[in-house]
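These notes are about the structure you will find just below.
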Number of protein chains: 2
Amino acid sequence: MTGKNLDGPEADALDLGAVFRALADEHRRSVMTELAADHSDNERGCNSFDLPISKQTQTHHFRVLREAGLVDEFDYGNRKGIRLRRADIEKRFPGLLALLGAGPPGGTAPR
Amino acid sequence: MTGKNLDGPEADALDLGAVFRALADEHRRSVMTELAADHSDNERGCNSFDLPISKQTQTHHFRVLREAGLVDEFDYGNRKGIRLRRADIEKRFPGLLALLGAGPPGGTAPR
DNA sequence: ACCAAGGTACGAATGATTTCGTACCTCAGT
DNA sequence: ACTGAGGTACGAAATCATTCGTACCTTGGT
């Protein structure tokens, strides 16, 4: 098989608490910010995020994102990919993804 | 004096991580949801939220909300009040407060 | 069949959060 | 001046999160 889907919650079942908890972590938020910024919404290799943490910890974080319903995860045994669940997120929490762009307290347009 | 203001971060300094961390807790989120729902934005007694936790713990939670920049806190020695920093929040993270209404996974209009 | 790269499972250590007990403070009313 | 309601400070217990070490699995290539 070319890719097995690991599933998270249904679109309507996304829980705001789980979502905020997922986005509270800096590493997970950086992943989500990158995903939200790229509007092509292509599947992306889990290795392509430059996370300064061990792979075991990365496994943990990607799992949290999936269980919060923020990404779909694809397991190729060898390699893994995730894809932003943009439509589901926008449907249930419109505007949430746009917030990720407001990132650093310096703002997008300093002064 | 009739009310001393305890201060949190400036409007431009609101940190997304701190905000998400603050909103990740169920009790704090319930407070914020109530505040966001009432558009009068009046100062509100800290006692008026029916939190099922001890007062020491409430002190802790209100402090977290203030330090995240989500509310202003007013100390009357005897009694305390908080007020939603709606304008500041909307300016820095537009749409965030609206998300709090999407609360329970049942949705606002179940079938 | 072997190896290397990427990933997971399990468990442990560390760190942060949540919670409350005890003690104390402040104002309003009596 | 006393009391009661509401709040805080400090500290401790318990719980949850983050992180990684070790061991193992899977796929692709040699």
Side-chain angles (χ1 to χ4, degrees), chain A residues 1-8 15-34 42-83, chain B residues 1-8 15-34 42-83:
Chain A
M1 70 207 68
T2 34
K4 172 172 142 270
N5 193 337
L6 306 173
D7 43 339
D15 174 61
L16 194 51
V19 166
F20 280 145
R21 238 170 290 134
L23 295 175
D25 181 87
E26 209 181 342
H27 300 313
R28 292 193 293 261
R29 202 167 58 253
S30 83
V31 168
M32 288 298 295
T33 302
E34 280 196 46
N42 289 324
E43 185 184 325
R44 183 145 164 205
C46 281
N47 218 7
S48 70
F49 305 92
D50 262 334
L51 296 176
I53 48 182
S54 69
K55 46 185 191 166
Q56 306 96 298
T57 304
Q58 293 190 31
T59 295
H60 163 70
H61 285 308
F62 286 123
R63 176 204 289 261
V64 171
L65 288 178
R66 170 171 55 83
E67 288 180 347
L70 294 172
V71 302
D72 278 327
E73 227 176 344
F74 300 94
D75 184 358
Y76 303 102
N78 206 2
R79 181 172 40 104
K80 217 178 48 179
I82 62 176
R83 187 171 48 200
Chain B
M1 70 208 64
T2 35
K4 173 171 143 269
N5 193 336
L6 307 173
D7 42 339
D15 174 60
L16 193 52
V19 166
F20 281 146
R21 237 170 291 133
L23 294 175
D25 181 86
E26 207 182 342
H27 300 312
R28 291 192 294 259
R29 202 168 58 254
S30 83
V31 167
M32 287 299 294
T33 302
E34 281 196 45
N42 288 326
E43 185 184 326
R44 182 144 163 205
C46 282
N47 218 8
S48 69
F49 305 93
D50 263 334
L51 296 175
I53 50 182
S54 70
K55 46 186 191 167
Q56 305 96 299
T57 304
Q58 293 190 30
T59 294
H60 164 70
H61 284 309
F62 286 122
R63 176 205 290 261
V64 171
L65 287 178
R66 171 171 55 85
E67 288 181 347
L70 294 173
V71 302
D72 278 326
E73 228 176 344
F74 300 94
D75 184 357
Y76 303 102
N78 205 5
R79 180 172 38 106
K80 217 178 48 177
I82 61 176
R83 187 170 47 198

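Side chains included, hydrogens not; waters and symmetry mates left out as well; all remaining heavy atoms used. None of the values given here were measured: they were computed from a predicted structure.
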Side chain of A/Arg21 - closest among D/dT8, D/dA17, C/dT19 =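 Closest nucleotide to the A/Arg21 side chain: D/dA17.
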Should the pair A/Arg44 and A/Phe49 be classed as cation-pi, given the thresholds of under 6.0 Å to the six-membered ring centre and 45° from the axis?
-> yes
Axis-to-axis angle between the two ends of the helix from C/dA1-D/dT30 to C/dT30-D/dA1 (five base pairs per end, rounded to 10 degrees) = 20°
N or O in side chain of [X] less than 4.0 angstrom from [N] OP1/OP2:
X       : N      : value
B/Asn78 : D/dG6  : no
A/Arg63 : C/dA9  : yes
A/His60 : D/dC20 : no
B/Thr57 : C/dT19 : no
B/Thr59 : D/dG7  : no
B/Arg79 : C/dA28 : no
A/His61 : D/dT19 : yes

[X] [atom1] - [N] [atom2] separation (whole Å):
X       : N      : atom1 : atom2 : result
A/Ile53 : C/dG7  : CD1   : P     : 12 Å
B/Phe62 : C/dT19 : CZ    : P     : 13 Å
A/Asp75 : C/dT8  : CG    : P     : 6 Å
B/Phe20 : C/dT17 : CZ    : P     : 16 Å
B/Ile82 : D/dG6  : CD1   : C1'   : 15 Å
A/Gln58 : C/dT8  : CD    : C1'   : 13 Å
A/Leu51 : D/dT18 : CG    : P     : 13 Å
A/Glu26 : D/dT18 : CD    : P     : 12 Å

Grab the two heavy atoms, one from [X] and one from [Y], that are nearest each other, plus how far apart they are.
X       : Y       : result
B/Ile82 : B/Glu73 : CG2-CG, 3.7 Å
B/Ala18 : B/Ala68 : O-CB, 3.9 Å
B/Lys80 : B/Phe74 : CG-O, 3.0 Å

Nearest 0.5 Å, what's the CD-CG distance between A/Glu67 and A/Asp7?
->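 Going from the CD atom of A/Glu67 to the CG atom of A/Asp7 covers 10.5 Å.
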Which value, rounded to the nearest 0.5 Å, describes the distance between B/Leu16 atom CG and A/Glu26 atom CD?
-> 11.0 Å
For B/Arg29, does the CZ atom sit with more than 12 other heavy atoms under 6.0 Å from it, leaving out its own atoms?
-> yes
Report the residue from A/Leu51, A/Thr57, A/Val71 that forms a side-chain contact (heavy atoms from CB on, under 4.5 Å) with A/Phe62.
->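 Output: one option passes, namely A/Leu51.
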Do B/Gln56 and C/dT22 share a donor-acceptor pair, side chain to base, under 3.5 Å?
-> yes
Polar side-chain contact A/Lys80-C/dG6 base: donor and acceptor under 3.5 Å | no
Want to settle it: does B/Val64 or B/Lys55 sit nearer the 5' end of DNA chain C, counting the closest nucleotide to each?
->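 The residue mapped nearer the 5' terminus is B/Val64.
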